[in-house]
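Notes follow once the structure below has been shown.
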Amino acid sequence: MDFTLQHQAVNSQARAGMLETGHGTIETPIFMPVGTAGSVKGIHVKELKDDIQAQIILGNTYHLYLRPGTDIIEEAGGLHKFNGWGGPILTDSGGYQVFSLGDIRKLTEEGAKFQSHIDGSRHLFTPESVIDVQRKIGADIMMAFDECTPGDADYDYAKKSLELTQRWLERCVNQMEKTKPLYGHRQSLFPIVQGAVYTDLREAAAKHVSSIPSDGYAIGGLSVGESEADMYAMIEVVNPILPQNKPRYLMGVGTPINILEAIDRGVDMFDCVMPTRNGRNGMLFTKRGIINMRNKKWANDFSPVDADGTSFVDHHYSKAFLRHLIISNEMLGAQIASQHNLAFYLWLVKEARRQILVDNFKAWKEEMVQQLGKRL
RNA sequence: GGGGAGAUACCAAAGCGGCCAACUGGGGCAGACUGUAAAUCUGCUGUCUUAUGACUUCGUAGGUUCGAAUCCUGCUCUCCCCA
């Protein structure tokens, strides 16, 4: 997997690049829609490609392992074929579930014992098994198995957690070397930087992962309860240490403002459930600010969903109709909102890239941030 | 014509002498959501700009009682069954 750094902004750490995968080239900075169970919730592949113009999507190891099960995906010929997407796929390792399934999971040196959130059955994830599952899923980018340390972890916990993540990383790397891709395309493993909000831990973590040759590097354990100031500070600590000529992926982030701030600090790749989940829950992101579509003031606003938007849905439907759908709990409401939000997120990173290439990123970003935070 | 049941807040529906401004659903209004246990969750929803406060409510008019949405009587209306 080759990454080409095309342009480095002058008064910002922002970069524009190209990441070539076995399923297509990704232009960075990029936002990757999340498709936990193999599908970006509520979005057809056609809309994903043509309307939203997604270049890579996520899947989740834990969720796909539980349902439909690794065997089915292998029998299908990998996730690319199974879900009909065909483009690049990144799979999260289940490290986030170590965090989010706190009550029904137990960590040991060996790995993480989960109880299925579906039927309560017990499963063990190890760095090795997680690599094996991701081989079978066929992800272009596989994530190392980590502990996503909570944002409020104390220093002692964060340190021990980081050390566990580091030992797990070594095991992931070993397992990568022992195994091969199953479907004829290259698979890359991205290590993950942890260390909570502690500068020295983040530094150590960044140095550790940088010592391991990889096609890209991820920053994890952010947007998990810490302040935004801490999040930005940690990005600033980590990015100068990570290899310059490899893509950097900030996991799970974030709001449109978060993304622009992180691009400004040298991040290339993002994923987040916000555009889809918040969309389903009636929130729209636009370049002029945030819309809570359920608010009464939209009830008789027959203007387009987003006059500035790039998506078909932005101009085809009115705010009043979309509000009606969402209030009525109609499936289409969630679909339209998700499609709009994803199209907006992809527009945002595409425009950021364009501004980087014409050396106007910083000024553009400052202006955008003012608008994006507004509530309409 | 005969017999029976019932009228509670925007809707539905509990409550059947004090713990009732009134359970619970729905609806309404607002908020949350960041590598998805989420088409989910949380508030508020009689009036008084704030309230452990005041005031006005449970078809309607009276009555009993220290005290009534709850008991009694009249009236009005609704529904069901048999003709």
Side-chain angles (χ1 to χ4, degrees), chain A residues 31-43 56-64 66-67 89-105 114-121 130 134 139 141-151 165 190-194 218-228 231-232 249-259 261-262 267 269-285 290 292-299 323 325-338 341 345 375:
Chain A
F31 178 80
M32 308 180 281
V34 177
T36 302
S39 125
V40 178
K41 292 187 193 298
I43 305 293
I56 171 172
I57 65 171
L58 257 69
N60 183 279
T61 302
Y62 166 84
H63 288 276
L64 292 168
L66 287 182
R67 249 186 345 205
I89 292 175
L90 179 153
T91 43
D92 186 31
S93 61
Y96 186 76
Q97 280 64 46
V98 171
F99 161 76
S100 67
L101 301 180
D103 297 339
I104 50 176
R105 137 247 113 160
F114 290 104
Q115 259 190 288
S116 162
H117 68 281
I118 299 162
D119 63 5
S121 55
V130 159
Q134 292 184 95
I141 299 172
M142 305 163 43
M143 299 309 299
F145 193 48
D146 66 337
E147 179 187 4
C148 179
T149 314
T165 288
F190 281 22
I192 302 170
V193 172
Q194 289 291 339
I219 307 168
L222 291 177
S223 65
V224 284
E226 81 289 356
S227 70
E228 290 200 335
M231 173 168 75
Y232 297 145
Y249 162 33
L250 177 58
M251 306 185 76
V253 174
T255 65
I257 291 174
N258 290 161
I259 288 173
E261 293 294 355
V267 175
M269 303 167 70
F270 302 88
D271 78 283
C272 191
V273 303
M274 268 197 161
T276 41
R277 180 192 287 167
N278 289 29
R280 286 197 302 283
N281 294 333
M283 178 185 283
L284 263 52
F285 298 95
I290 293 165
N292 183 345
M293 210 66 239
R294 293 191 315 208
N295 285 175
K296 187 167 192 172
K297 59 184 163 190
W298 310 116
R323 177 179 192 274
L325 294 176
I326 287 169
I327 292 287
S328 308
N329 219 10
E330 283 288 328
M331 289 186 289
L332 184 59
Q335 290 179 300
I336 292 172
S338 297
N341 279 344
Y345 266 63
R375 289 189 159 265

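Scope of the values below: all heavy atoms of this structure, side chains included, with no hydrogens, waters or symmetry mates. Below, chains carry the letters A, B, ... as their sequence lines are ordered, and counting in each starts from 1. The model shown is predicted, which means the values in this text are computed figures rather than measured ones.
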Where does RNA chain B pair, written as one dot-bracket string 5' to 3', with Watson-Crick or G-U pairs under 3.5 Å, ( ) inside the strand, [ ] for crossing pairs and | for another strand? ((((((((.[[[..)..(.....]]]((((((.......))))))(((....)))...[[[[[..)....]]]]]))))))).

With sequence neighbours left out, what residues match [X] under side chain to side chain contact (heavy atoms under 4.5 Å, CB included)?
X	result
A:R105	A:V98, A:L107, A:F114
A:N281	A:R277
A:E261	A:Y232, A:I257, A:D264, A:R265, A:K365, A:V369
A:S116	A:L66, A:I118, A:D119, A:S121, A:H123

Check: protein-nucleotides 24-27 of chain B nitrogen or oxygen pairs below 3.5 Å:
none

Side chain to side chain donor-acceptor pair (under 3.5 Å) against [X], all qualifying residues, sequence neighbours excluded:
X	answer
A:Y345	none
A:T36	none
A:T165	none

Report all side-chain donor-acceptor pairs from residues 89-97 of chain A shorter than 3.5 Å, counting only partners two or more places apart or in another chain.
residue: A:T91; atom: OG1; partner: A:Q134; partner atom: OE1; Å: 2.7
residue: A:S93; atom: OG; partner: A:G95; partner atom: N; Å: 3.1
residue: A:S93; atom: OG; partner: A:A144; partner atom: O; Å: 2.9
residue: A:Q97; atom: OE1; partner: A:N60; partner atom: ND2; Å: 3.0

Contacts of A:E226 meeting salt bridge (Lys or Arg N to Asp or Glu O under 4.0 Å) (sequence neighbours excluded), chain-then-number -> none

Identify the pairs formed between an N or O of the protein and an N or O of nucleotides 30-34 of chain B at a distance under 3.5 Å, and give each distance.
residue: B:A30; atom: OP1; partner: A:K296; partner atom: N; Å: 3.2
residue: B:A30; atom: OP2; partner: A:R294; partner atom: O; Å: 3.4
residue: B:A30; atom: OP2; partner: A:K296; partner atom: N; Å: 3.1
residue: B:G31; atom: OP2; partner: A:N292; partner atom: ND2; Å: 2.6
residue: B:G31; atom: OP2; partner: A:N295; partner atom: ND2; Å: 3.0
residue: B:G31; atom: N7; partner: A:R294; partner atom: NH2; Å: 3.3
residue: B:G31; atom: O6; partner: A:R294; partner atom: NH2; Å: 2.4
residue: B:A32; atom: OP1; partner: A:R375; partner atom: NH2; Å: 3.1
residue: B:A32; atom: OP2; partner: A:R375; partner atom: NH2; Å: 2.9
residue: B:C33; atom: O3'; partner: A:R277; partner atom: NH1; Å: 3.4
residue: B:C33; atom: O2'; partner: A:N278; partner atom: OD1; Å: 3.0
residue: B:C33; atom: O2; partner: A:N281; partner atom: ND2; Å: 2.9
residue: B:U34; atom: OP1; partner: A:R277; partner atom: NH1; Å: 3.1
residue: B:U34; atom: O3'; partner: A:G252; partner atom: O; Å: 3.0
residue: B:U34; atom: O2'; partner: A:S223; partner atom: O; Å: 3.3
residue: B:U34; atom: O2'; partner: A:S223; partner atom: OG; Å: 2.4
residue: B:U34; atom: O2'; partner: A:G252; partner atom: O; Å: 2.5
residue: B:U34; atom: O2; partner: A:N258; partner atom: OD1; Å: 3.4
residue: B:U34; atom: N3; partner: A:N258; partner atom: OD1; Å: 3.0

